[in-house]
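A short write-up of the structure that comes next.
Predicted model only: the values in this text are computed from it and were never measured. Excluded from the calculations below are hydrogen atoms, water molecules and symmetry mates; all remaining heavy atoms, backbone and side chain alike, are included. Residue numbers start from 1 in every chain, and the chains themselves are labelled A, B, ... in the order their sequence lines are given, proteins ahead of strands.
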There are 2 protein chains.
Amino acid sequence: MPPADRLTTTFAALADPTRRAILSRLAAGECSVGELAKPFPMSMPAVSKHLRVLERAGLIAQTRQAQWRQCRIQAAPLKEVSEWTERYRQIWEERLDRLDEYVQQLHATQKKEKKSHGRKQHSK
Amino acid sequence: MPPADRLTTTFAALADPTRRAILSRLAAGECSVGELAKPFPMSMPAVSKHLRVLERAGLIAQTRQAQWRQCRIQAAPLKEVSEWTERYRQIWEERLDRLDEYVQQLHATQKKEKKSHGRKQHSK
DNA sequence: ATTATATTTAACTTATTAGTTAATTAACCT
DNA sequence: AGGTTAATTAACTAATAAGTTAAATATAAT
């Protein structure tokens with residue numbers, strides 16, 4: 001198994017509601033593992049493991065402070081997620097160049113169709 | 001295990017480079033499973049399984065056409081990904097209200113240290 | 001020095017994932 | 001009908017993931 005690339009690691013880390021909730025909490029400010037764990041119906045070790053996953057993904061960092069570990073969010077990997085996702089914006093917004101092609105092809109196929117439909121018309 | 005929520009399913013589907021490559025290919029236009037599979041060093045059934053994952057996540061749809069299955073991208077779930085991610089933009093752009101607070105607090109702490117060493121201090 | 005607190009590590013279980021090969025389904029073509 | 005092509009399903013394996021409880025570690029407080 002080749003080591004996973006960054007985006008893969010990031011997406012995998014985000015594919016868990018507990019971990020996303022942790023990030024959400026940390027967006028409001030640093031806090032300790034114990035505080036972080038409180039809302040979740042699972043053991044501390046389970047939360048600790050989630051933190052490890054987030055840490056390996058570069059999404060959080062921990063610093064010692066007495067017997068507590070303070071966690072803080074590190075959102076840099078989310079920038080890459082954002083950039084990757086943006087490439088698809090045109091598609092989900094459905095002003096699709098791709099759909100244009102499809103529509104054109106449809107018209108080409110149905111040549112007898114009259115073209116005076118003033119509807120949604122896109123040009124390349 | 002409760003059924004995974006939408007975001008979880010989407011992120012999980014995206015946490016694989018093969019599946020992201022498939023989406024990327026489909027962004028350029030529909031194509032058949034066989035064509036889709038060609039670039040990948042894995043068997044057809046493996047690709048077919050990836051397509052199933054993408055389909056269950058609502059990221060693609062398949063339509064029969066003779067003996068071929070045409071796949072097309074459905075990017076709607078990516079809108080949710082985008083929206084989720086955007087909530088963290090301020091953080092990764094580091095015009096962080098949060099970091100501001102942190103920095104201020106740091107300054108405050110340092111001032112205090114200069115003044116007096118009286119508080120919770122490491123004693124080694 | 002002991003004890004309490006915060007957190008991690010270890011060992012284990014169960015479920016899921018990503019891949020394989022072999023068999024099956026479905027549509028097309030003479 | 002029989003053969004070819006396209007894709008899926010079945011059955012299996014190996015690795016990873018998410019959780020558990022119990023033990024270990026590290027610091028603070030008494």
Exercise. Using a 4.0 Å heavy-atom cut-off across all strands, classify Q62(A) as base, sugar-phosphate, or nothing.
Key: sugar-phosphate
Quiz item: Thinking salt bridges, do E86(A) and R89(A) make one under a 4.0 Å N-O criterion?
Solution: yes
Quiz item: If every non-hydrogen atom of R20(A) is compared with every non-hydrogen atom of Y88(B), which pair is closest and at what distance?
Solution: O-OH, 4.1 Å
Quiz item: What residues, two or more places apart in sequence or in another chain, satisfy side-chain contact (heavy atoms from CB on, under 4.5 Å) together with Q74(B)?
Solution: A61(B), R72(B)
Quiz item: Should R52(A) be listed as having a side-chain N or O under 4.0 Å from OP1 or OP2 of dT9(C)?
Solution: yes
Practice problem: May I ask you to verify if any side-chain N or O of H50(A) is less than 4.0 angstrom from the OP1 or OP2 atom of dA17(D)? | Solution: no
Quiz item: In whole Å, what is the span from the CD atom of Q70(A) to the C1' atom of dA26(D)?
Solution: 16 Å
Practice problem: Let me know the distance between CG of L51(A) and P of dA17(D), rounded to the nearest Å. | Solution: 16 Å
Quiz item: What does S32(A) touch in the nucleic acid at a heavy-atom separation under 4.0 angstrom: a base, only the sugar-phosphate, or nothing?
Solution: sugar-phosphate
Quiz item: Any Lys/Arg nitrogen of E93(B) or K79(A) sitting under 4.0 Å from an Asp/Glu carboxylate oxygen of the other?
Solution: no
Self-check item: Sidechain-backbone polar pair: R87(A) side chain, S24(B) backbone, donor-acceptor under 3.5 Å
Solution: no
Quiz item: Is R69(A) reaching over with its side chain to a backbone N or O of V33(A), donor-acceptor style, under 3.5 angstrom?
Solution: no
Quiz item: Which letters describe nucleotides 20-30 of chain C, given B = protein heavy atom under 4.0 Å from base, S = only from sugar-phosphate, - = neither?
Solution: BBB---SSS--
